[in-house]
Number of protein chains: 4
Amino acid sequence: MTARAPRADALRNRSRVLAAAEQVFVARGTSVSTEEVARAAGVGIGTVFRHFPTKATLIEAVFRERLRRFAEEADRLVESDDPGSAIWTFLSRVAEVAAGKQAWADAFTAADLHEALTPAREQLPRALGSLLVRAQAAGAIRLDVTVAELVALMLAVARVPDDLRPRLLAIVFDGLRPQP
Amino acid sequence: MTARAPRADALRNRSRVLAAAEQVFVARGTSVSTEEVARAAGVGIGTVFRHFPTKATLIEAVFRERLRRFAEEADRLVESDDPGSAIWTFLSRVAEVAAGKQAWADAFTAADLHEALTPAREQLPRALGSLLVRAQAAGAIRLDVTVAELVALMLAVARVPDDLRPRLLAIVFDGLRPQP
Amino acid sequence: MTARAPRADALRNRSRVLAAAEQVFVARGTSVSTEEVARAAGVGIGTVFRHFPTKATLIEAVFRERLRRFAEEADRLVESDDPGSAIWTFLSRVAEVAAGKQAWADAFTAADLHEALTPAREQLPRALGSLLVRAQAAGAIRLDVTVAELVALMLAVARVPDDLRPRLLAIVFDGLRPQP
Amino acid sequence: MTARAPRADALRNRSRVLAAAEQVFVARGTSVSTEEVARAAGVGIGTVFRHFPTKATLIEAVFRERLRRFAEEADRLVESDDPGSAIWTFLSRVAEVAAGKQAWADAFTAADLHEALTPAREQLPRALGSLLVRAQAAGAIRLDVTVAELVALMLAVARVPDDLRPRLLAIVFDGLRPQP
DNA sequence: GATGAATGAGAATTCATTCAT
DNA sequence: TATGAATGAATTCTCATTCAT
């Protein structure tokens, strides 16, 4: 009478769809048809819709998965000896990855950012929070900045043309340092 | 034998379509159908397509018009006695207006930003350039920043959730000040 | 109380439209828009519709005009000393001209062939009839063939690919000669 | 691991669409909307486009199918004891069928005739070729005529008004016989 | 009479979603 | 479960025709 455990092949398909969708969305935007995602995943379109009942669901899942991996990176960086540079490393990473041919940012916008960031529900804010307090303790970053603000800033910078991003990131980082 | 002037009614309709499109795009994104734009303008859909032969043309026209008005504002601010605060005023204004329910930024992205900013063709870079050099002369803004970077930064900040924008703008402005 | 005579400029415009339409239709088929015909004629689209109240009317007028000129050629050939070759000359001419990049035949088909050929109303059948009886009297062409059949045959051959036409015309001419 | 066979229902629908399209095109020309074809086939318009991704594809498919059936008829006639009359039978049949209210010829013209007749790709030229050489051997048809010319002639005659066709066909056939 | 702007009914095509196999 | 065929609403764009200027 327990809930039946998902079959192994079903789980495998879910992952394949998710991975294919990420690739395709990054390369060509979230406006590619679901059919193309299915093709890239090597499954039928019915399978995509079985796992993700609407296209929005799929986009959001891709987004959450991306955030989850960011969180993992943050978790790893928390161990770092140099909390000051750890946070800059992480923020740069978010801005760069999220840029992905302009298309990631679309996904991030399409999905509901605030919901995805609800602290109680996601591990990213927690992990990034640790990075942040350590960096603040080390005097590397201003005290009046929050996790949500950091994420929003990085996503914003992600939308910028590739050639300008490094410069703009440097400017934003200057703004994030403790001010005189 | 002079080139025939456009008819008055045609000009009026062109303006109405442009205004309606701006409103609708800002309110609901550039993905609204051309039919809806026509309805909002109170003209037939054929009229929209007569003036703007593709949807992309229409989006771009709305975008250029918006830039033109920004340029006018910049021109006015150039006269200001306080060049230091003039540029912050202008940049805030761009970020706020461009925000417009997330939808402006879409338009800005859809159209080709770089092309639209080609100095020879647009007055915005020129006007903003004047604001910039004055502010730099007044020591209000760092010397190593360019017009293109400023515009890109403001459009980036425009994509941010409304409630976070003032804070993020402050941070970015701090980063734009001459650094110690 | 007499019907007002058409103004000179109106007549001139009618001719210009007709000539432009013929050119454009031959070059690109009768599916080109009326707007393009107007442009080619150097008049407004309203003028086209004033002279030819529907597109079908225009196509038919172009067709009739073409037939009229064929009739003129036939009239000229009737004077010829060699009635046997005169008819072959004329028929070849019709097949070639009507071919005009495949597009004339469209026009000929679109308009109502039978109506246009109603003997009482057109001069072509009369002129071609003269050519025919002379050629028959000279023993150059079979006696059991009619004007309508000749015209239909030539229009049919007009539809054939350019490179095949001379051969097919020769075959058809053989079939038109008095049979053993 | 064999290539998956097309589903039975898909094949059935493809056939229905093709049959409906043929009927509708013959009755009312290839300019009828795809929507009407779908209605006639009793399927949704999406189904038509799934099987034939553009309208041109559909027209061409109808055309090829028709050629295929002609080829079958030719194959059957090749068995005939009387090669002389077999070819006249076949040619008459092509001219009559292709006539179909003027509309077949449109289809034949719209699709690319030459390409469709490329010997290596179609069975019609081969089958008709057999008929031809046999008829030539029997002295029923002139030696200097080719398959391509025969096909072109029949399609040309197909465009002719129904009531004139038998007579014109007779004339053309006379031209095709060995000449004195 | 001439002009060309406005109109709106289609037309082809796409795509998220459903459902029979 | 997986598949992919079927669906049809929605979208962009065209063009014959009308009518105000």
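Every chain is numbered from 1 and lettered A, B, ... according to where its sequence line falls, protein lines coming before strand lines.
- The structure places CZ of Arg39(D) at 6.5 Å from OG of Ser33(D), a figure rounded to the nearest 0.5 Å.
- Two residues are said to be in side-chain contact when any heavy atoms from C-beta on lie closer than 4.5 Å; Phe25(A) and Leu58(A) meet this criterion.
- Across all strands shown, dA9(E) pairs with dT14(F); the Watson-Crick or G-U wobble distances both stay below 3.5 Å.
- Mapping Asp9(A) and Ser31(B) onto DNA chain F via the closest heavy atom, the residue that lands nearer the 5' end is Asp9(A).
- Distance Ile59(D) CD1 to dA11(E) P: 14 Å, rounded to the nearest Å.
- The number of heavy atoms from other shown groups lying within 6.0 Å of CD (Gln23(A)) does not exceed 12.
- In terms of position along DNA chain F, the nucleotide closest to Arg50(D) lies nearer the 5' end than the nucleotide closest to the other residue of the pair Arg50(D) and Gly46(C).
- For the pair Arg16(D) CZ and dT7(F) C1', the computed distance is 14 Å after rounding to whole Å.
- Using a 4.5 Å cut-off on side-chain heavy atoms (C-beta onward), Arg50(C) and Asn13(C) make no contact.
- Here the C1' atom of nucleotide dC15(F) and the NZ atom of Lys55(C) are 8 Å apart, to the nearest Å.
- Between Thr47(D) and dA5(F) there is no side-chain polar atom (N or O) within less than 4.0 angstrom of OP1 or OP2.
- OP1 or OP2 of dT12(F) sits under 4.0 Å from a side-chain N or O of Thr34(B).
- Looking at the side chain of Asn13(D), the nearest of the listed nucleotides dA5(F), dT3(F), dT14(E) is dA5(F).
- The interatomic distance linking Arg39(B) (CZ) with dT7(E) (P) rounds to 14 Å, in whole Å.
- Between His51(A) and dT1(F) there is no side-chain N or O to OP1 or OP2 distance below 4.0 Å.
- Among the nucleotides dT17(E), dC13(F), dT3(F), the one closest to the side chain of Ile45(A) is dT17(E).
- In this entry the distance linking CD of Glu35(A) with C1' of dT14(E) reads 11 Å, nearest Å.
- Between dT17(E), dA16(F), dA5(E), one nucleotide has an atom nearer to the side chain of Ser33(C) than all others, and that is dA16(F).
- Base pairing of dA20(F) is made with dT3(E), judged by Watson-Crick or G-U wobble geometry with both donor-acceptor distances under 3.5 Å.
- Whole-Å rounding puts the Phe52(B) CZ to dC13(F) P distance at 14 Å.
- Between Val17(C) and Arg14(C) there is no side-chain heavy-atom pair separated by less than 4.5 Å.
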